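Chain letters run A, B, ... following the sequence lines, proteins first and then strands; every chain starts at 1. Reckoned from all heavy atoms, side chains included, excluding hydrogens, waters and symmetry mates. Given the structure is predicted, the values throughout are model-derived calculations rather than measurements.
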Amino acid sequence: MMGDNQIDLFGASDPAPATPAQKKPERETGEKKKPGLYLLDGMAMVYRAFYALQQARMRTRDGVPTGAVFGFASSLLRIIEEYQPEYLAVAFDSPEKTFRHEKYEAYKANRPAPPDDLITQLADIRELIKAFGIPLVIMPGFEADDLIGTAARKFEDDCQVFIVTPDKDMSQLVHDGVRLLKPGKKQNEFELVGSREVAEQFGAPPEQFIDLLTLTGDTSDNIPGAKGIGPKTASSLLEEYGSLDNIYAHLDDLKPRARKSLEEFREIMPLVRELVTIRTDLDVPLTLDDLHSGKPDADALFALLRRLELKAIAARVPAALGIDPPAATATDGESDPEASEVSAEPTLIPAGEGSEYHLIDTEEAFGKLLEKLEQADSFSVDTETTSLDTFEAELAGISFSLEPGEAFFVYFGETGLDAKTTVAKLKPLLENPEIGKTGQNLKYDILVLKNYGVELQPVEFDTMLASYVLDPESRHNLDDMAALHLSRQTVKYDELVGTGKSAIGIFEVEPQKLSDYACQDADITLKLRGELAAKLEATPELLEVCRTLEFPLVRVLADMEHQGVSIDTEHLAKLAVKVNEELVGLTERIHEAAGETFNIDSPKQLGHILFDVLKLPTKKATKTGYSTNVQVLEELALLNPIAAEVLEYRSLQKLKGTYIEALPKLLHAATGRLHTSFNQSITATGRLSSSNPNLQNIPIRTDLGKEIRRAFIPSNPENLLLSADYSQIELRVAAELSGDPMLIEAFRNHEDIHAATARVIFDTDEVTSDMRRKAKEVNFGVLYGIQPFGLSQRLGIPQKEAKEIIDTYMAKYPGMFSALQTTVEEARKLGYVTTLMGRRRYVPDLNSPNGNIRKAAERVTMNTPIQGTAADIIKYAMCTISRRLKEERLNSVMLLQVHDELLFETPADEQSRLTELVEKCMVDAASKCGVRNVPVEVETGVGKNWLEAH
DNA sequence: TGCGCCACCTA
DNA sequence: GTAGGTGGCGCAC
C-alpha cells in the first residue's frame with residue numbers, strides 16, 4: 001500500500017513552513033495559548049471515510065471509486081478550516097509486520113483484506129496528502145498508533161495535541177495536553193474527547209484504559225481478553241481495585257466466576273497488555289518541524305481533484321489552503337452540468353431551470369391541454385392537495401408533464417377552475433388503459449382521485465418504486481432522487497408553505513408559485529423516469545420485478561387501503577373494562593409489594609424498585625440502566641412474585657394501549673373503518689410494511705390477543721372473513737434455494753418439518769417434544785442466518801453445544817450448508833444478494849473490518865433471499881388474485897396482507913369460489929416466482945371474525 | 001415538540 | 001440470529 005520503505009519520515013516536498021514558524025511557546029507562559037498539533041490516524045480515517053460513503057457509491061464517470069478519497073479529503077479540510085492547525089501530520093502503519101505480530105502470531109489475523117474499491121483509492125489518498133503539503137509519517141515495524149502515541153507524548157508539553165481518529169483504543173493516550181477528535185455521526189463533525197468523556201463512555205479514566213482493554217481484549221485485532229468479562233464487569237472491577245495488578249492481588253475477594261476466568265487469563269495477561277498498549281516511547285528522530293505542513297502543490301492538487309471529479313472538495317480548497325486553482329484548470333461550474341451525478345456534493349441546478357411551466361387557470365387553456373393529453377400515450381401526473389390524509393384530501397390542482405422540460409398545472413383555487421367539473425372532464429383520460437401514467441408514489445394520487453370518482457390507471461411507472469427496486473435501502477423521495485440522479489435542487493414543500501405554526505394552507509399559496517412547484521414535481525418525475533428506466537433496463541430482472549410485481553401492486557394496495565377493515569367497537573369496549581379492572585388490581589399489588597407507589601411503565605423507576613429497593617439480583621445492563629425485559633423478569637419471578645405481576649401488567653398494558661384503546665380512535669370518520677397504509681418502499685427485503693395503524697402486528701399468541709383478533713369483522717354483517725396463509729413458506733423457500741434433497745423430500749411427503757429435522761439432527765425415531773422444540777429453533781435459525789451465538793441464546797445452552805447442533809445440521813443437510821455458504825461468498829464478490837426473481841439488496845458490510853458488523857451482514861445475506869422470495873411470491877399472488885376477482889366479477893375484496901397471510905371479506909355465497917381461486921393463485925404464484933421443486937401449501941379458513949377465520 | 005431508548009406486538 | 005411499527009418515558013430544545 002504505502003509503498004515507500006525509507007527508514008525515516010518522508011513528508012512535504014518543502015519542509016520550510018508556509019508561514020513563519022511559530023516560536024515554541026515559552027515555558028513559563030502557561031497562559032499563552034500553545035500551538036495545536038493535529039495527528040491523523042491515517043488508515044483508520046480512510047476506512048471510516050470508505051464505509052461512511054459506501055452507500056453513496058461515489059465514482060467518476062469512468063467508474064473509478066472515489067468515496068474514500070472524498071471523505072478523507074473532506075475531513076482533512078474540515079480540520080484545517082475549523083482549527084487552522086499550526087502542526088498537522090498523517091500517520092500510517094508500515095506495510096511490514098510489526099513487533100506485535102512477532103509477539104503474537106494471530107495479531108489481526110481475522111482482518112479481511114481491504115476491499116478492492118478501497119485499495120484502489122489508497123494511492124490517490126496518499127497523493128492528496130502530499131499535494132496538501134502535509135507530512136506523512138510511516139516507520140517500518142511500527143503502527144500508526146505507536147507513532148502517534150510517541151509524538152503525542154513527546155510534544156504534549158509544547159502543544160495542545162489532538163489525535164484525529166475513530167478508534168476507541170486511542171483513548172489510552174488521552175492526557176492533560178492530549179485529546180481525541182472523533183468523527184461524529186454526521187459527516188464532518190468531530191467530537192472532542194478528553195479525560196472526562198473517556199471516563200463517561202467507558203466507565204474508566206484514560207489511565208485505566210489499558211487495563212480495561214487488556215481485560216476485555218480487542219476482537220478487531222484478534223486479541224483475546226479474560227473470558228466472560230465484558231466492558232461492564234471490567235470497568236466495575238477497575239473502579240473497585242484501581243488497576244489490573246491490584247485486581248490480581250485481590251483475586252480471592254472476587255466472585256468465583258470472575259476469579260476462575262482471571263486465573264485462566266493470568267498466563268497471557270502480560271502479553272495481551274503489551275499488545276494493546278500503544279507505545280509512547282519509540283526512539284524516532286521526530287521533531288516538531290517534521291510535523292509542520294509545507295506549501296501545498298496547487299497544480300498537483302487541482303489536477304488530482306479534477307481527475308477524480310471531486311468538485312465539492314476543489315471548491316473548498318482555495319479558502320482553506322489559501323491557494324487558487326491554476327487558471328487553465330479552473331474548476332468548472334456551469335460548463336458541464338451533466339457530469340456531476342457521481343460527485344458527492346454536485347453543484348445542483350434549480351429543478352425548474354431550463355423548463356417551461358404553465359399555470360392552467362382558464363377554460364380555454366385547459367381545453368388545449370386536454371387535447372394534448374388525449375393524444376399522448378404516456379405522461380406524468382402529480383396531485384396537490386390540502387391534506388396528507390387521502391380521505392380528507394381535497395385537490396388543489398393536478399400537474400402533468402408529457403415530455404421532459406415542460407409541465408402544466410391545472411389549478412383549482414379561487415382564481416382557477418372548478419375541481420369537480422374539471423376532474424370529470426379529465427376522468428376518461430385518467431382512466432384510459434391505453435395512456436400510461438407515471439408518478440412518484442402513485443398510490444397516493446390514486447387514493448385522492450378515488451374521492452373524485454376517478455380510478456387512475458394504468459400505473460406504467462412509479463419513480464419511488466423504481467428507486468426502491470434499484471436499491472431498497474437508498475432514499476426514494478423526490479427531492480433526494482432529483483439531487484442524486486438529476487443533479488437538480490428541488491423546491492421543497494416546506495419552502496412553499498412554511499413550517500410549524502406559521503405554515504399556510506395550500507390555497508393561500510400564490511397560484512403562480514404553487515404552479516411552479518407542482519410543475520416542477522411532474523417535470524422532475526418524468527425526467528427521473530428516464531434515468532431510472534435506463535438503470536432498470538441495464539438489469540432486466542429488476543425491470544421485471546417492477547413490471548410484474550411492484551407496479552401492478554400499487555392499484556391492489558390502493559384498493560385495500562381504500563376498502564379498510566371494520567372492527568367491533570363494542571367488543572373492544574367490553575375488553576377495555578375487563579383489562580382496566582385487572583390492571584388496577586395488578587397495580588395495587590405491585591405497589592404494595594414494592595412498599596411504595598411508582599410508575600410501572602417506566603423501566604427506570606421499575607429498575608430502581610427491583611434492584612435498589614428490593615435488592616433483587618441484576619441480570620443484564622442496558623445503555624441507560626439495568627434491563628427489566630421479559631427474560632430478566634422471568635428469571636426474577638422465581639425469586640419474587642412481583643416480577644410475574646409486572647410481566648402480567650406489561651402484557652395487559654401493551655395490548656390495551658396499542659390496540660384495545662388505540663384502534664377505535666383510529667376509525668375513520670367518513671367510513672367507520674380502519675384504513676392502514678401499506679408501505680411499498682420501506683423494507684430492505686421486499687416485504688410490505690403497514691402503519692397508521694400497523695395491522696400486521698395484531699396480537700394472536702395470548703388469550704387477550706385472540707380476543708383482539710375477534711374484534712376484526714366483516715363490514716357487512718352478512719359477509720364472512722376468509723383468511724388464507726402459506727404454510728411454512730420461508731422454510732419451503734429455503735429448501736428450494738438449497739436444493740437439498742432430504743429437505744425437499746420431507747416437504748413432498750407432507751411431513752411435520754420440525755419433527756423431521758429433529759429426527760435427523762438427533763438421529764432418532766423417538767422424537768420428544770423437547771427435541772422438536774429445539775429443531776424448530778434450528779429451523780428458524782437457518783432462516784435468520786444461523787450462528788452459534790444466536791442459537792445458544794434462543795435455546796439457553798452454551799455456545800459450544802449450539803455450535804455442535806449447527807454442525808450436525810449442516811452435515812446432514814449439505815445442500816443447505818453449501819447454499820448458505822455460496823450465497824455469502826457470491827454476495828461478498830458482487831456486493832448484493834438476490835431473491836429468486838432477482839430482487840436485490842446491497843450488503844456492503846460483508847467486507848467490514850469490524851467482525852460484528854461483518855457477521856451481522858452475513859446473517860442478512862443468508863436471510864434476505866428467503867424472506868425476499870417469500871415476499872415476492874405473495875406480492876405476485878396478490879396481483880393475480882386481484883385481477884381474477886375482477887374477471888370473475890366476484891364481490892369479495894382483499895382487506896389485509898400479513899406477510900404470509902391474506903385476509904378477504906366475502907359474501908357467504910361466494911365463499912367456496914373465493915377459497916378455490918385464492919388457493920390456486922397463491923400456489924401458482926410460488927412456481928411463477930421460481931419455487932418449483934418444493935410443494936407449497938395454503939391453509940384457508942372462514943369465520944365471522946378474524947380469529948375464527950384464522 | 002422532537003428524539004433516543006426500552007420494551008413488546010407481528011411474520 | 002431476519003424483517004417491521006408503536007407506545008411510554010425521560011431528556012434536550
Could you give the [atom1]-to-[atom2] distance, from [X] to [N], as a whole number of Å?
X	N	atom1	atom2	result
A:Leu606	C:dG7	CG	P	21 Å
A:Asp900	C:dG4	CG	C1'	14 Å
A:Leu610	B:dA7	CG	C1'	14 Å
A:Ile660	C:dT6	CD1	C1'	15 Å
A:Ile682	C:dT6	CD1	P	10 Å
A:Leu663	C:dT6	CG	P	11 Å
A:Asp872	B:dA11	CG	P	20 Å
A:Lys619	B:dC6	NZ	C1'	20 Å

Could you give the distance from CD (A:Glu661) to CD (A:Gln653), rounded to the nearest 0.5 Å? 8.0 Å
Look up atom NZ in A:Lys574 and atom CG in A:Asp568, then write down how far apart they are to the nearest 0.5 Å. 7.5 Å
Can you sort out which residues in [range] have a heavy atom within less than 4.0 Å of DNA chain C? Ascending by number, please.
range	answer
residues 683-697 of chain A	A:Thr683, A:Ala684, A:Thr685, A:Arg687, A:Ser689, A:Ser690, A:Ser691, A:Asn692, A:Asn694, A:Asn697
residues 634-655 of chain A	A:Lys654
residues 698-709 of chain A	none

Are the side chain of [X] and the backbone N or O of [Y] linked by a donor-acceptor pair below 3.5 Å?
X	Y	answer
A:Asn863	A:Arg859	no
A:Ser651	A:Leu647	no
A:Ser818	A:Gly815	yes
A:Arg732	A:Ser727	yes
A:Glu858	A:Leu846	no
A:His675	A:Thr390	no

With DNA chain C as reference, determine whether A:Gly781 or A:Asn679 sits nearer its 5' end, using the nearest nucleotide of each. A:Gly781
A:Phe391 and A:His668 aromatic ring geometry - parallel, tilted or perpendicular at 30°/60° bounds: tilted
Could you list the residues that satisfy side-chain hydrogen bond (donor to acceptor under 3.5 Å, both in side chains) with [X], not counting sequence neighbours?
X	answer
A:Glu588	none
A:Asp845	none
A:Thr835	A:Asp872
A:Asp494	none

Proximity to DNA chain B (any heavy atom under 4.0 Å), residues of residues 785-801 of chain A only: none
What residues 620-631 of chain A contributes to the DNA chain B interface at heavy-atom separation below 4.0 Å is A:Thr622, A:Lys623, A:Thr624, A:Ser627, A:Thr628, A:Asn629, A:Val630
More than 12 heavy atoms of other groups within 6.0 Å of A:Arg828 CZ: yes
Using every non-hydrogen atom in the two residues, find where A:Leu947 and A:Lys706 come nearest and quote the distance to one decimal. CD2-O, 3.6 Å
Nucleotide N/O to protein N/O under 3.5 Å, stretch nucleotides 11-13 of chain C:
from, atom 1, to, atom 2, distance (Å)
C:dC11, OP1, A:Lys604, NZ, 3.0

Please determine whether a side-chain nitrogen or oxygen atom of A:Gln605 lies at a distance below 4.0 Å from atom OP1 or OP2 of C:dG10. yes
Can you identify which nucleotide, out of C:dT2, B:dA11, C:dA3, has its nearest atom closest to the A:Arg841 side chain? C:dA3
Between A:Tyr813 and A:Phe817, does the ring centroid distance fall short of 6.0 Å? no
Tell me whether the centres of the aromatic rings in A:Phe598 and A:His608 are closer together than 6.0 Å. no
Which donor-acceptor pairs under 3.5 Å do the side chains of residues 691-700 of chain A make with protein atoms, sequence neighbours left out?
from, atom 1, to, atom 2, distance (Å)
A:Ser691, OG, A:Asn679, ND2, 3.1
A:Asn694, OD1, A:Gln696, N, 2.7
A:Gln696, OE1, A:Ser690, N, 3.3
A:Gln696, NE2, A:Gln897, O, 2.9
A:Gln696, NE2, A:Gln897, OE1, 3.1
A:Asn697, OD1, A:Tyr659, OH, 3.4
A:Asn697, ND2, A:Tyr659, OH, 3.2

List the atom pairs, with distances to 0.1 Å, where a side-chain N or O of residues 631-644 of chain A and a protein N or O form a donor-acceptor pair under 3.5 Å, not counting sequence neighbours.
from, atom 1, to, atom 2, distance (Å)
A:Glu635, OE1, A:Lys619, NZ, 3.2
A:Asn640, OD1, A:Ile642, N, 3.0

Counting the atoms with a prime plus P, OP1 and OP2 as sugar-phosphate, which does A:Glu777 contact under 4.0 Å by heavy atoms, base, sugar-phosphate, or nothing? base
Students often get this wrong, so: under 4.0 angstrom with heavy atoms, is A:Val782 touching a base, only sugar-phosphate, or nothing? nothing
